[in-house]
Amino acid sequence: MRILTGLQPSGKLHVGNYFGAMEPAVRLQEQGEAFYFIANYHAMTTVRNADELRDYTRELAVDFLACGLDPERSVFFRQSDVPEVNELAWILSSVCPVSMLEKAHSYKDKIAKGIAPNHGLFAYPVLMAADILLYDSNLVPVGKDQKQHLEMTRDLAGKINEAYGEGTLVVPEPMISEGMAVVPGLDGQKMSKSYHNTLPLFGDEKPSKKLIMRIVTDSTPVEDPKPVDGSLILPLFRLFASDDDYAKMVADHKSGGCGYGDFKKRLAEAYWEYFAPMRARRDELIADPGYVEQVLATGAEKARVEATKVIDRVRKAVGLA
Ligand code: ADP
Ligand code: TRP
């Protein structure tokens with residue numbers, strides 16, 4: 001079974017990205033042949049500075065490896081190192097109704113936010129379909145927000161197969177992490193870089209802990225019990241703490257006698273401890289950029305072997321070869 005997913009290098013990674021995307025991807029490596037890539041073509045729809053795109057790409061590579069992506073087991077590559085994806089995107093474009101793209105939520109949301117629509121943003125789902133179909137992927141783990149893009153991918157594969165013969169493209173199965181609770185941001189909305197409410201995955205110690213200490217809480221006096229429902233501290237603490245520490249934190253909320261400052265300190269400590277091994281691994285990787293480049297180069301080579309097989313098959317099927 002081939003598992004494939006991509007992450008955009010469009011900013012610093014945060015704790016929501018870790019629990020929503022990276023940690024599940026790392027776990028899934030056990031279950032099949034994983035192809036994980038850095039979606040740098042996709043990031044071009046929002047990142048407009050070459051150095052920034054390069055930096056985010058390198059950082060994402062380092063961070064994903066630090067979080068446990070195992071390059072011996074999985075194929076890890078940069079999207080743009082396999083340019084065949086653009087050819088497949090064109091072939092898919094030719095069977096893709098404009099009306100399908102006009103219905104895309106992510107596109108409509110961006111327009112609603114006042115982002116000027118460019119063709120890349122409009123065609124984004126077609127390139128994403130090409131990412132998936134170019135590797136005969138069977139399973140695509142993504143967050144809920146990507147569900148519609150996967151439906152489009154299945155639709156486009158179906159249209160190609162209908163026009164050019166069954167088996168031209170493999171129709172993938174989505175794996176939507178519905179059960180995965182959305183990680184709340186420091187203001188209680190969904191944690192997202194667009195809301196400026198993130199806790200960085202790998203930030204510096206003082207500023208990161210400061211962000212936690214600034215979480216807004218109610219004005220319950222120290223000696224009184226604190227509300228458990230609607231707490232922002234508890235769901236975050238749950239992610240980092242042991243069962244015992246979490247139970248104690250809940251009990252201390254209910255009994256009163258501990259202040260929010262104390263709770264936040266415990267949260268800050270737990271957060272810092274949780275990522276300590278990954279931070280150490282990350283420091284090693286940063287000190288060895290040659291290794292990271294080598295991983296991506298090897299990944300690109302392996303990915304390209306698979307991509308070539310599929311694109312050759314498709315070129316024949318559609319009459320380009
Ligand atoms: P952002 O919302 O910060 O722009 P992205 O949309 O780039 O993040 O998301 C990258 C991945 O991280 C996606 O798989 C998404 O589902 C996951 N993700 C992002 N924010 C969260 C969150 N708060 N909780 C759980 N998963 C998240
Ligand atoms: N659109 C995805 C996101 O924003 C990233 C992505 C690009 C992707 N191509 C993909 C995810 C292919 C899965 C499969 O999160």
Side-chain angles (χ1 to χ4, degrees), residues 2-26 28 34-47 56-57 59-60 63-64 67 75 77-80 82 85-86 88-89 92 104-107 109-110 113 115 120-121 123-154 156-157 170 172-201 232 235-236 238-239 303 307:
R2 180 157 301 156
I3 305 161
L4 173 137
T5 199
L7 265 179
Q8 283 196 62
S10 50
K12 301 248 177 230
L13 290 168
H14 55 73
V15 166
N17 297 140
Y18 177 78
F19 288 103
M22 300 166 84
E23 195 264 343
V26 166
L28 269 175
F35 274 51
Y36 294 150
F37 69 95
I38 305 175
N40 56 350
Y41 282 137
H42 279 108
M44 287 192 74
T45 58
T46 50
V47 181
Y56 286 152
T57 303
E59 276 176 35
L60 180 54
D63 292 356
F64 215 154
C67 289
V75 178
F77 61 102
R78 259 185 302 249
Q79 184 183 28
S80 61
V82 190
V85 75
N86 291 304
L88 184 57
L92 297 174
H105 305 308
S106 67
Y107 178 70
D109 290 350
K110 286 194 171 131
K113 273 193 206 143
I115 296 172
L121 209 54
Y124 185 110
V126 179
L127 182 59
M128 177 158 165
D131 289 328
I132 296 167
L133 300 170
L134 186 61
Y135 300 99
D136 283 346
S137 311
N138 306 112
L139 194 66
V140 185
V142 284
K144 266 181 245 176
D145 56 324
Q146 300 296 316
K147 191 173 172 181
Q148 193 190 26
H149 289 157
L150 276 229
E151 283 158 8
M152 292 180 184
T153 303
R154 288 168 54 86
L156 291 175
V170 172
E173 291 300 325
M175 182 182 168
I176 312 288
S177 41
E178 305 270 5
M180 160 71 208
V182 168
V183 175
L186 299 171
D187 59 357
Q189 295 187 79
K190 170 193 179 245
M191 188 178 289
S192 167
K193 63 176 169 295
S194 349
Y195 302 150
H196 306 287
N197 63 355
T198 60
L199 189 54
L201 177 52
L232 229 154
L236 286 172
R238 172 79 280 191
L239 298 169

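Both counts, for ligands and for their atoms, begin at 1 and track the order of listing.
- Within ligand 1, the atoms closer than 4.0 Å to a non-hydrogen atom of M191 are 20 (N), 21 (C), 22 (C), 23 (N), numbered from 1 in the order shown.
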Check: Is there a side-chain contact (heavy atoms from CB on, under 4.5 Å) between L88 and D131 once you walk through the steps?
Finding: CA-CA 9 Å; L88 184 57; D131 289 328; over 6 Å; no
Next item on the list: Run the numbers on V26 and F64 for side-chain contact (heavy atoms from CB on, under 4.5 Å), then give the verdict.
Entry: CA-CA 9 Å; V26 166; F64 215 154; 4.3 Å; yes
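- Any N or O atom pair closer than 3.5 Å counts here, and L7 shares no such pair with ligand 1.
- Taking CG of L13 as the start and CG of L201 as the end, the distance is 6.0 Å to the nearest 0.5 Å.
- The shortest side-chain heavy-atom distance between P141 and I3 falls under the 4.5 Å cut-off.
- Going from atom CG of L139 over to atom CG of L4 covers 10.0 Å, rounded to the nearest 0.5 Å.
- Between N17 and ligand 1 there is a heavy-atom distance shorter than 4.0 Å.
- In this structure, the side chain of N138 does not engage the main chain of E173 through any donor-acceptor pair within 3.5 Å.
- If you check the side chains of S10 and K193, you find a donor sitting under 3.5 Å from an acceptor.
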Hey, what polar pairs (N/O, under 3.5 Å) does ligand 2 make with protein?
from: ligand 2; atom 1: 1 (N); to: Y124; atom 2: OH; distance (Å): 2.6
from: ligand 2; atom 1: 1 (N); to: Q146; atom 2: OE1; distance (Å): 3.0
from: ligand 2; atom 1: 4 (O); to: Q8; atom 2: NE2; distance (Å): 3.2
from: ligand 2; atom 1: 4 (O); to: Y124; atom 2: OH; distance (Å): 3.2
from: ligand 2; atom 1: 4 (O); to: Q146; atom 2: NE2; distance (Å): 3.4
from: ligand 2; atom 1: 9 (N); to: D131; atom 2: OD2; distance (Å): 2.7

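- No part of T198 comes within 4.0 Å of ligand 1, judged by heavy-atom distances.
- Not a single heavy atom of M22 sits under 4.0 Å from any atom of ligand 1.
- Atoms CG and CG, from N86 and L127 in turn, are 6.5 Å apart once rounded to the nearest 0.5 Å.
- Polar contact with ligand 1: absent for S10 (N/O pair, distance under 3.5 Å).
- Between H42 and Y124, the two ring planes are tilted [angle within 30° to 60°].
- Which parts of ligand 1 touch A21 is read off a 4.0 Å heavy-atom cut-off, strictly below it: atoms 11 (C), 12 (O), 14 (O).
- Taking all heavy atoms of S106, G16, S192 into account, the minimum distance to atom 27 (C) of ligand 1 is reached by G16.
- At least one N/O-N/O distance between V183 and ligand 1 falls below 3.5 Å.
- Of the N or O atoms in S194, none lie within a sub-3.5 Å distance of an N or O in ligand 1.
- Between atom CG of residue L199 and atom CE of residue M191 there is a gap of 5.0 Å, rounded to the nearest 0.5 Å.
- The distance from atom NZ of K190 to atom OG1 of T198, rounded to the nearest 0.5 Å, is 11.5 Å.
- For the pair A157 and L133, the tightest heavy-atom approach, listed with the atom from each and the gap, is CB-CD2, 3.8 Å.
- Shortest non-hydrogen contact noted between S192 and H14 is CA-NE2, 3.9 Å.
- Residue G20 has at least one heavy-atom neighbour below 4.0 Å for each of these atoms of ligand 1: 25 (C), 26 (N).
- Residue contacts with ligand 1 for Q8 are absent, since no atom lies close enough (heavy atoms, distance under 4.0 Å).
- Residue-ligand proximity, G143 to ligand 1, at heavy-atom distances under 4.0 Å covers atoms 16 (O).
- Interface atoms of ligand 1 facing D145, defined by a heavy-atom separation under 4.0 Å, are 16 (O).
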